[in-house]
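Structure first, commentary second.
Note that ligands are numbered from 1 as they come in the structure, with each ligand's atoms numbered from 1 the same way. Keep in mind that what you see is a predicted model, and the values were worked out from it rather than measured.
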Amino acid sequence: MGKAEVKLIREDGLRHDGRRPDEMRPVRMEIGVLHNSDGSALVSYGRTTVLAAVYGPREPPQRFMILPDRALLRVRYHMAPFSTSERKSPAPSRREIELSKVIREAFEDIVLTHLYPRTAIDVFIEVLQADGGTRTVAVTAASLALADAGIPMKALVAGVAVGKVEGVLVLDVDELEDGSGEADLPIAGAPDIGKITLFQLNGVLTDEELKAGVDMAWKTIQRLVEMEKEVLRSKYMVEAR
Ligand code: ADP
């Protein structure tokens, strides 16, 4: 059966991969995976796997980048050429440039940049495997890597995308659902301070679906942030002993 013929919602109400509509893919979070960066994290939602590496606060590479009152936060989102089924060009695409900005904005009011004037904090995001939702997995990985680097933040951030496929709202859309569905709603934020920092809608939802979708995403983001705390606690509690 070709991809186009796959039923996204099966007769039994489950999704093409056997998940319930409100079920997340299996989540994996690991921190401190790289030696050379100040902080790092590897996060997967199912097959979508993203590595984040943080460097800084450090001297900006060029003087004109210096901000006298705060650190310059830079984010580079990149998809590895081997991350998709068809080889992706390694050169940064318009999509990657835009996503770098969107992900940076998800942290702009979160990272306490005023504590480090005249420095740069660099977040490198490398999508190792793409199967939908890379921007939201990237936000979760960046939050963990920033925390692993010891960068002070108002709160931890996480993200997840809700979609609509064959008329049903579904949590954590994969590439097939994103490509064939009626809507895709990636959301990220910091529940501990009640802030949504990334919110995008592609496609069409009714106002009721939008409310239900945001509710579904927000509850999941709260759970993801609790997982982040657990991962950070288990590394740093052990190291503190
Ligand atoms: P997100 O990854 O945040 O959902 P998009 O909606 O733009 O962002 O992309 C959906 C999915 O489409 C990606 O997760 C990835 O699996 C796939 N995709 C995106 N860009 C490319 C590309 N250049 N080549 C192949 N697949 C891609």
Side-chain angles (χ1 to χ4, degrees), residues 2-4 6 8 15-17 19 21-29 41-52 75-108 123-145 157-166 168-190 196-205 209-210 213-214 216-218 220-221 224:
K3 264 192 177 182
V6 172
L8 295 179
R15 293 152 74 178
H16 74 98
D17 60 359
R19 280 188 287 159
D22 63 351
E23 191 174 335
M24 209 40 221
R25 289 174 287 183
V27 177
R28 193 180 125 203
M29 295 182 185
L42 186 65
V43 176
S44 324
Y45 298 177
R47 291 189 196 140
T48 296
T49 302
V50 175
L51 178 68
V75 173
R76 192 201 71 155
Y77 164 101
H78 182 249
M79 280 172 97
F82 53 81
S83 64
T84 54
S85 39
E86 275 170 42
R87 183 177 181 278
K88 184 210 145 273
S89 161
S93 61
R94 275 187 65 89
R95 174 181 172 274
E96 287 169 303
I97 294 165
E98 190 197 323
L99 281 185
S100 299
K101 176 173 177 284
V102 165
I103 296 165
R104 176 172 51 75
E105 285 167 350
F107 289 93
E108 215 139 61
V123 183
F124 293 94
I125 287 161
E126 197 65 27
V127 177
L128 301 181
Q129 186 162 264
D131 186 23
T134 62
R135 77 195 65 196
T136 54
V137 183
V139 167
T140 304
S143 169
L144 273 171
V157 183
V160 74
V162 166
K164 182 178 168 185
V165 295
E166 294 172 8
V168 179
L169 274 186
V170 294
L171 180 66
D172 185 28
V173 277
D174 66 14
E175 182 176 319
L176 183 64
E177 292 172 326
D178 186 15
S180 319
E182 294 106 70
D184 174 34
L185 177 67
I187 301 182
I196 292 181
T197 61
L198 184 161
F199 190 97
Q200 300 178 303
L201 170 64
N202 298 305
V204 179
L205 292 176
E209 286 166 345
L210 178 66
V214 171
M216 194 189 251
W218 199 243
T220 307
I221 288 168
L224 289 164

Donor-acceptor pair between Tyr77 and Arg104 side chains, under 3.5 angstrom: no
Contact summary for Ile125 and Ala138, nearest pair of heavy atoms: CG2-CB, 3.7 Å
Atom-level proximity to ligand 1, residues with heavy atom under 4.0 Å: Met79, Thr84, Lys88, Arg95, Ala130, Asp131, Gly132, Gly133, Thr134, Arg135, Glu175, Asp178
Results of salt bridge (charged side-chain N to carboxylate O under 4.0 Å, His left out) for Arg19 - residues two or more places apart only: Asp17, Asp172, Glu177
Test side-chain hydrogen bond (donor to acceptor under 3.5 Å, both in side chains) applied to Glu105 - qualifying residues, sequence neighbours left out: Lys101
Under 3.5 Å side-chain donor-acceptor pair for Thr136 and Tyr45: no
Salt bridge (charged side-chain N to carboxylate O under 4.0 Å, His left out) against Glu96, all qualifying residues, sequence neighbours excluded: Lys88
